Structure formats: C-alpha cells, structure tokens
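One structure below.
Remember, predicted model here, so these are calculated numbers, not experimental data. Heavy-atom basis, side chains included; hydrogens, waters and symmetry copies ignored.
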Amino acid sequence: MPSSESDPGGAPYAREQRVAVAAAEEAGAMLRTRFSGAQAVGVKDAAGDVVTDLDLAAEKIVLARLQTHFPHDRILSEEAGLFDAVGRRTWLVDPLDGSNNVAIGLPSYAVGIGLCVDGEPVVGVVHEPVTGSTWRAVAGQGAYGAGGGLPGPAGRVPQAGPVVAWTQGHAVGRDDTVAAGLRRQLERRSRRVLQLWAPLLGWSMLARGTIDGFVGYCAEGIDFPPGALLASESGVAFRTLTGGDFRVGFAGPDSDRSFVAARADTLAYLLDVVAAAEVS
C-alpha cells in the first residue's frame, strides 16, 4: 500500500477524504437543483455519448475545491482532462457519472472523486444527488455511509442467481464479440443484469450488499478506482476475466480493466459464467 498522509493526530488521508466529500456534495446539490433543465452541449464520440452543461458546472465546483486545498496535486478530470503536476498523487474526478441518463431525463447519476498515490487508490468518494447519499472509503480503513460501515455482498449465490452490475468502456463497439458473449452468459445465468450507464452507482450497491457482483469489460479509468475502492474496502475481491490477480488502478489502456468483482461463492460462480463466454 502507498505511504499515507494524515492530519496531525488524525487518521491517514482524513483531510483528503473530508475535502472530497464536501466537493462531491456541493456538486451534487447543484446537480439535484438543475437536473430538470440539463442540456446536452456536445458529443464525446461516434457512439453518441454526450456532455451536458451540468457535467461542466459540476466539474468546475469539484476542481475549485481540489485546486484550493491541494494546489500541487495532479488532477485527471472527465471533461477538462489532465492538470499535470510533479508528484505521486493524482486526483480522479467524474463530476457527473451518468451523463447520458441525465440527458434523457433519467435520474440515475452520481459524482465520483478519488485519490491515487503511485497509481493505487487511497481515497474514494461516491455521492448520489437524487437521495443525497454519500459513500466513502480510505484504503485500509473500510467503507462507510451515513449508517456506518458498508457490509459488502453476502457471498452466497442466491437460488435464482445473482444480481450483477455490468459496465463496458465507451470505446467498446456494438459489434464487439467478447462483450456480447459476456452479456449473453450473464443474462442466462443471473437473476438480473444491471446496465445502469453510471457504474459508480453499481459500485455503491455492491459495497452496500444490495447486489451480488460486478463484471466489467474495458472499463473507463477515471470513475473506476473511487468505486472499486468502496467495494474492496467492504470485502469484495477482484479477478481478471480469466481468474488471475487484478490490480485496481487508472493508468494504462482500458483493455487492462476487464474484471469480475464479488465475494466468496459468488466470485467463483461468476468466474465460471465468464469462462463459459470463452474469454481469452
């Protein structure tokens, strides 16, 4: 684990967590107020993924707080890109995870902020503006919400099959045979496969234990570490699609972020499901 920082007499990364929570909740309050008036202002790629005015407004709020409190840290943000700096610390900002949902009036979205040191996540914050809920984690200290520690999933495979979240990166095409094969097997052997198009919400549900697992294919790097840290600090284990060791991080190509995340028997079950898709 990376070396940590702390307030005098306080827990490691306590100040960083406080600032991230405050930034996410301030951005979330704005998003909740302006949700009904959201407007698409751009298109990210040929697949039609949009950027809204609320993405930009939320990003401005979060960046202002981070740059005020940690002016020497690197920041990688979903819309603004990289604010580079020399050092081991990188903040990751997804100011509005679920932009395509917001653009069509679907209230399913979140704000995500993470801090990585030497590429490893040490702070993760996910805020859901619709409910006003915030979930947070610091490496080695557990994951928490308003009601206390997050328990993670039970690890037992339900008789009707697990409820599983699915995510895939923006660059994955509609004709990608691996993605299609994975989804097909998951649909066949799960009770429900959630395709939320806001993966941070999936991570919060996994950490709370309201769903059983998460499978991702070529996941995006910016929103992955904050949510994955919530899950890992609630006892969730990660594997590659072929069952190997998986390292949570944001660097490198999206193809390095294909994973199965679950606990105990459910992890073994989902790895068997993924194997049936003939992933190589």
Side-chain angles (χ1 to χ4, degrees), residues 17 20-21 24-25 28 94 97-98 101 107-114 121-167 182-183 185-187 189-217 219 223-241 243 246 248 257-274:
Q17 181 178 235
V21 167
E25 291 181 345
D94 192 341
D97 185 35
N101 294 340
S108 180
Y109 59 99
V111 180
I113 303 174
V122 296
V123 175
V125 172
V126 175
H127 175 69
E128 183 184 19
V130 174
T131 63
S133 300
T134 302
W135 303 282
R136 64 195 189 279
V138 173
Q141 298 179 35
Y144 296 87
L150 303 183
R156 298 183 300 273
V157 182
Q159 186 174 0
V163 177
V164 182
W166 163 266
T167 187
L182 288 167
R183 291 196 303 269
Q185 289 297 326
L186 288 169
E187 291 283 358
R189 296 179 57 185
S190 301
R191 181 161 68 90
R192 187 178 181 192
V193 179
L194 305 179
Q195 300 187 55
L196 303 173
W197 303 109
L200 287 173
L201 296 180
W203 288 119
S204 74
M205 288 189 287
L206 186 61
R208 286 179 282 151
T210 59
I211 65 174
D212 303 298
F214 204 141
V215 178
Y217 178 62
D223 58 31
F224 181 62
L229 184 62
L230 283 183
S232 64
E233 286 296 313
S234 68
V236 170
F238 287 75
R239 298 289 186 272
T240 66
L241 297 181
F246 183 90
V248 174
R257 281 181 294 277
S258 296
F259 63 88
V260 176
R263 179 188 275 175
D265 294 343
T266 305
L267 180 61
Y269 179 90
L270 290 175
L271 286 171
D272 184 65
V273 172
V274 167

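Listed for the Arg263 side chain is a donor-acceptor partner under 3.5 Å among the backbone atoms of Pro153. A distance-only check finds a donor-acceptor pair linking the side chain of Asp97 to the backbone of Leu200 [under 3.5 Å]. Without hydrogens or angle criteria, His127 side chain to Ser133 main chain gives a donor-acceptor distance under 3.5 Å. Using a distance-only test at 3.5 Å, with no hydrogens or angles considered, a donor-acceptor pair links the side chain of Ser234 to the main chain of Ala231.
The nearest pair of heavy atoms linking Pro121 to Ala139 is O-CB, 3.8 Å. Summarising the geometry of Gly213 relative to Ala262, their closest heavy-atom pair is CA-CB, 4.2 Å, with the distance given to 0.1 Å. Among all heavy-atom pairs drawn from Ser108 and Ala198, the shortest one is O-CB, 3.9 Å. For the pair Pro162 and Thr266, the tightest heavy-atom approach, listed with the atom from each and the gap, is CB-CG2, 4.3 Å. The nearest pair of heavy atoms linking Val125 to Ala24 is CG1-CB, 4.0 Å. Considering all non-hydrogen atoms of both residues, Pro151 and Arg208 come closest at CG-O, 3.4 Å.
Using modelled atom types and a 3.5 Å distance limit, the side chains of Glu25 and Thr134 yield a donor-acceptor pair.
Note that CG of Leu230 and OH of Tyr144 are 12.5 Å apart. Values are rounded to the nearest 0.5 Å. Here CG of Asp212 is found 8.0 Å from CG of Leu270. Values are rounded to the nearest 0.5 Å. With values rounded to the nearest 0.5 angstrom, Ser204 atom OG is found 5.5 Å from Leu201 atom CG. Interatomic distance, Leu194 CG to Met205 CE, rounded to the nearest 0.5 Å: 5.0 Å. Atom OH of Tyr217 is separated from atom CG of Leu241 by 8.5 Å, given to the nearest 0.5 angstrom. In this structure, Ile113 CD1 and Arg136 CZ are separated by 14.0 Å, a value rounded to the nearest 0.5 Å.
Contact of the Thr167 side chain with the Phe259 side chain is registered, since non-hydrogen atoms from C-beta on lie closer than 4.5 Å. Put simply, the side chain of Phe214 reaches to within 4.5 Å of the side chain of Pro199, judged on heavy atoms. Contact of the Gln141 side chain with the Gln17 side chain is not registered, since no non-hydrogen atoms from C-beta on lie closer than 4.5 Å. Under the 4.5 Å side-chain criterion, counting only non-hydrogen atoms from C-beta, Asn101 is in contact with Trp197.
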* To do: Kindly determine whether Leu182 and Trp166 satisfy side-chain contact (heavy atoms from CB on, under 4.5 Å), including the steps that lead there.
  => CA-CA 10 Å; Leu182 288 167; Trp166 163 266; 3.8 Å; yes

* Begin from the C-alpha positions of Val260 and Phe246 and carry the test side-chain contact (heavy atoms from CB on, under 4.5 Å) through to its verdict. => CA-CA 9 Å; Val260 176; Phe246 183 90; over 6 Å; no

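When the salt bridge (charged side-chain N to carboxylate O under 4.0 Å, His left out) test is applied to Arg189, the partners found at least two apart in sequence or on another chain are Asp272. In this structure, the ring-ring contact (aromatic ring centres under 6.0 Å, His included) partners of Phe238, at least two apart in sequence or on a different chain, are Trp203.
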